[in-house]
2 protein chains.
Amino acid sequence: MSAPRTARERARAELTQAIKDTARRQLADVGSRALSLRAVARELGMVSSAVYRYFASLDELFTALIMDAYNAVGEQAELADTEAREAGATPAERWLAVSRAVRAWAIAHRHEYELLYGTPIPGYAAPQDTIAAASRTPFTLVRICNDAIAEGATFPADRPTVTPDLFDENMTGLVNDPTFAYPGRIVLAWSGLIGVITFELFGQFNGVITDFAAYFDYTARATAAELGLT
Amino acid sequence: MSAPRTARERARAELTQAIKDTARRQLADVGSRALSLRAVARELGMVSSAVYRYFASLDELFTALIMDAYNAVGEQAELADTEAREAGATPAERWLAVSRAVRAWAIAHRHEYELLYGTPIPGYAAPQDTIAAASRTPFTLVRICNDAIAEGATFPADRPTVTPDLFDENMTGLVNDPTFAYPGRIVLAWSGLIGVITFELFGQFNGVITDFAAYFDYTARATAAELGLT
DNA sequence: ACAAAAATGAGAGCACTGCTCTTGACGCTC
DNA sequence: GAGCGTCAAGAGCAGTGCTCTCATTTTTGT
């Protein structure tokens, strides 16, 4: 990611980006299963073996696309939350705004969404950078809850909670809630949010729901209510 | 599905099953992306073109595997619920039992689960039969709620609800609840259940949760509580 | 019982894929 | 300007899904 110093480095950086861009374009057309390194090379007017100078394998190209996609959806989520917060929205309204932003991105970038939350690519091993990029969206949800707690929100009583020992160490201090009622429920809310979007995109709601957008809003509101957000 | 009358029909039925079985075996080994019709034919000692007499395309073979998988997990769900009910379990306990059964099946048949709830196979068009098979598991959850309603359970007050017009017509009469509070929430619970299992299987919980089984039980209990099941 | 019809398996072949290796040309550094 | 590292290109390998043709076998109709 360092700045290109020589002409060759600049050309390399540009071509690397061009490969990713055309790959992303073809991904939108044919889906991840049919994405072909040779077709990408063809569209760029180069021979297939030349692409291997930039990505050692198709899996590596996929990994790069996944990284970019995690950052893209994370950026949308952060943006939606920041805008809502600056407009004076309540935590519940911010939750809805972020949920909508994630869904909108998923619909607009269906096949990139599949890369993130669909069947994992077998040869793809998530490096440390990927984890950070993947955390941007859920951390946005955590931020909303932390702000709500700071404003005096409390977790609804009489609901199942979870002990902190089920969670990884680096998760325990994330939410400002010593009872750990929030963190356990936030993770469930997060997986539920992706679950609803996935069901809609992957056709599990066909023949069940007719108005996807309206139903999604309901799910987001219901989830926020279950977190005690108002 | 009619009974084989001639020897050729019997041989055809057996070979069709043998192809599916070895395909399922190879699927467990290499995953759906690497499943090869030629490799299946090789293992069966036949030439690849012969397999096309039984499945017109790889997509058609996938469709058959998907049908079988939907029925397999649905059967496990129904079995778990029936056993729990006959043992005198409460609706909440039955919900937990069914949830656990689905998760257990998913872990034991990872790649078949991917076929059902992961990225859809592009060339696969769900016929009417597939919808019926896919409905077995969620209908089991509906049955639990109906039994609970029959026993006098009521939907928790002060929670967001949804109007019936968002749902397909053939869904409206499914749950014995004129207010339609249950159906909207059941669908969310269903997608949430699959969302949690998918997150665990697809690695989204790596670095977040350590004790998957314990956390899953919590999510199932929390979901049951949100439906007002006791 | 015998011929026509249908179904089946084998093989060759096409177009495509990911990936490797070698070759020759170019740009950068000293 | 010489030497080195990087680069695109091409050939080639093993594998894929799928189609076509050609015998062989089984079922069916008369």
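Reminder, nothing fancy here: chain letters follow the sequence lines and each chain counts from 1.
Of the candidate nucleotides D:dA9, C:dC26, C:dT17, D:dA9 has the atom lying nearest to any side-chain atom of A:Met46. Out of D:dC18, D:dT27, D:dA8, the shortest distance to the side chain of A:Leu15 is found at D:dA8. Distance from the side chain of B:Tyr54 is smallest for C:dG9 among the nucleotides C:dG9, D:dG10, C:dC19. If you check C:dG18, C:dG9, C:dT8 against the side chain of A:Leu58, the one that comes closest is C:dG18. For A:Ala39, the listed nucleotide lying nearest its side chain is C:dT17; candidates were D:dG17, C:dT17, D:dT28. For B:Ser49, whose side chain is taken as the heavy atoms from C-beta onward, the closest listed nucleotide among C:dC28, D:dG17, C:dG11 is C:dG11. The side chain of B:Val47 lies closest to C:dG11, out of C:dG11, D:dC18, D:dG10.
Separating the CZ atom of B:Phe55 from the P atom of D:dT19 is a distance of 16 Å, rounded to the nearest angstrom. One atom, CD of B:Gln26, and another, C1' of D:dG15, lie 14 Å apart when rounded to the nearest Å. What separates CD of B:Glu60 from P of D:dT19 is a distance of 11 Å, to the nearest Å. Spacing between atom CG of A:Leu61 and atom C1' of C:dG18 amounts to 12 Å, rounded to whole angstrom units. Between the CD atom of A:Glu9 and the P atom of C:dC28 there is a distance of 10 Å, given to the nearest Å. Nucleotide C:dG18 holds its P atom 12 Å from the CD1 atom of A:Ile121, rounded to whole Å. Following rounding to the nearest Å, A:Arg33 (CZ) and D:dG17 (C1') show an atom-to-atom distance of 12 Å. Atom CG in B:Leu44 sits about 16 Å away from atom P in C:dT8, given to the nearest Å.
Regarding contacts with the backbone of D:dG17, a side-chain N or O of B:Ser36 is found under 4.0 angstrom from either OP1 or OP2. Side-chain nitrogen and oxygen atoms of B:Arg53 include none within less than 4.0 Å of the OP1 or OP2 phosphate oxygen of C:dG9.
Salt-bridge check for B:Glu226 with A:Arg185: passed, with a basic side-chain N closer than 4.0 Å to an acidic carboxylate O. Ion pairing between A:Asp29 and A:Arg25 holds under the 4.0 Å rule for side-chain N and carboxylate O.
Within 3.5 Å, a donor on the side chain of B:Arg8 pairs with an acceptor on the base of D:dT25, or the reverse. In the interface, the side chain of B:Arg38 is not paired with the base of D:dG15 through any donor and acceptor atom under 3.5 Å apart.
Counting any heavy atom pair closer than 4.0 Å across all strands shown, B:Arg42 reaches sugar-phosphate atoms only and no base atom. When heavy atoms are screened at a 4.0 angstrom cut-off, B:Leu35 is found touching the sugar-phosphate backbone but no base atom. Using a 4.0 Å heavy-atom cutoff across all strands shown, B:Ser57 reaches sugar-phosphate atoms only and no base atom.
Note: B:Phe199 and A:Tyr117 have parallel aromatic rings, judged against thresholds of 30 and 60 degrees for the angle between ring planes.
For the pair A:Leu37 and B:Val51, nearest-nucleotide mapping onto DNA chain C gives the more 5' position to B:Val51. Nearest-nucleotide positions on DNA chain D place A:Ala50 closer to the 5' end than the other of A:Ala50 and B:Ala7.
A side chain to side chain contact (heavy atoms under 4.5 Å, CB included) with A:Tyr215 is found for exactly one of A:Ile209, A:Val208, A:Thr210, namely A:Ile209.
Relative to the ring axis of B:Tyr54, B:Arg12 places its NZ or CZ within 45° and under 6.0 Å from the centre.
The distance between the ring centers of B:Phe216 and B:Phe212 does not fall below 6.0 angstrom.
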